[in-house]
Amino acid sequence: MPIKRKMKAAVLHKPLDVRIEEVSVPRPKAGEVLVAMKSIGVCGSDVHFYENGRIGSFVVRKPMILGHESAGEVVKLGPGVKGLKVGDRVAIEPGFPCRRCGFCKTGRYNLCPDVIFYACPPHHGAYCEYQVAAADFAFKLPKNVSYDEGAMVEPLAVGMHACNRAQVGPGDSVAILGAGPIGLVTLQSAKARGATQLIAVDMDANRLKLAKKLGATDLVNASRKDTVKEVKRLTDGTGADVVMETAGAVRTTQQAVGCAKNGGRIVLVGMPTTDSFEMPVIEAIVKEVSISGLFRYANMYPPSIGLVASGAIDVKSMITKKFKLEDVPKALDFALRQGKNAIKILIHV
Ligand SMILES: [Zn+2]
Ligand SMILES: [Zn+2]
């Protein structure tokens, strides 16, 4: 298939203003490949940029293509690319780290101060027909893994990284606060690493139902029950070995300390909208809990793809709605208005 010079893209101009426009097809530089997009996820961050034009210090100052959870087909190789060929089906890890700084050299390239990332201003993302990717960040999909599942590898990588941060291991009890997309992939990652008690906490009954299907052993409906009391009751009064905060709410972030057992590990995965707030510090100190932050992921695509291919992790059940590229504005509106009812929305090109 010949590659066009112009392509369709969904471009964010200002809050609540996304337009389908003709833009130039990017060219792959040395070490990069051009990928024809097939499936792209709608992430909470895309919806935040759509609604507010910013996330914290990341501000959209000039028109930007949204989307960073993508999979597609390699259509062109930049100079010097080895190990990939035209026609390969790939999941795209949407980053371009500098590869020279200390973080990059020690494998923590997610912390690289110069990393470029899809749909993180001012860099364009994946709601378009073609996008370039670093060749070693385009991971081949096994035959039994679809493009839709390939797009889901991005959020899954976050859940996998969260479990890495907490060193989740066999027999652990893990409380997951929030059963949205990131909560559900974190839950499944913990299960894949051998955690045996998986407590899903959410205020939404439908999300809890899906959490149960995906492996939760215990459910806590936080709209009816006290989260800390329930998690303690379900863990014989001790609290969980690991607490994953994925809701990104002030309340659940504060509750994470109470849900952890003495010496427990807490990972703050969700990003609260408030910069700073009160935390039960003394309780955290005397319980000797470890609290870890998390920013994206590093080196998590290969194990994530492996777990999806083996059937150990089910990302398909999380896909609830699909839109065409032309309908990205509709998809973002839908996500904004009814996000609670949809777990994962995908864009098909
Ligand atoms: Zn995302
Ligand atoms: Zn770097």
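A quick note: this is a predicted structure, and the numbers were derived from the prediction, not measured. The first residue of the sequence shown is numbered 1, and numbering continues consecutively from there. In listed order, ligands and their atoms are each counted from 1.
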Self-check item: Neighbour count above 12 (heavy atom, 6.0 Å) for Lys287 NZ
Solution: yes
Quiz item: Taking the N/O/S atoms of Glu69 one by one, which is nearest to the Zn ion (ligand 1)?
Solution: OE2
Quiz prompt | Test applied, side chain to side chain donor-acceptor pair (under 3.5 Å); reference residue, Tyr297; option that passes from Arg165, His161, Glu154 | solution = Glu154
Self-check item: Ring centre gap for Tyr118 and Phe137 strictly below 6.0 Å
Solution: no
Quiz item: Angle at the Zn ion (ligand 2) between SG of Cys101 and SG of Cys98, to 10°?
Solution: 110°
Quiz prompt | Asp46 N/O/S atom closer than 2.8 Å to the Zn ion (ligand 1) | solution = no
Quiz item: Once rounded to 10°, what is the value of the angle centred on the Zn ion (ligand 1) between His68 NE2 and Cys43 SG?
Solution: 100°
Quiz item: If you stand at the Zn ion (ligand 2) and look out to SG of Cys104 and SG of Cys112, what angle do those two lines make, to 10°?
Solution: 100°
Quiz prompt | Heavy-atom pair with the smallest gap, counting every atom of His68 and Ile40 | solution = N-CG2, 4.4 Å
Quiz item: Nearest 0.5 Å, what's the CG-NZ distance between Asp148 and Lys316?
Solution: 9.0 Å
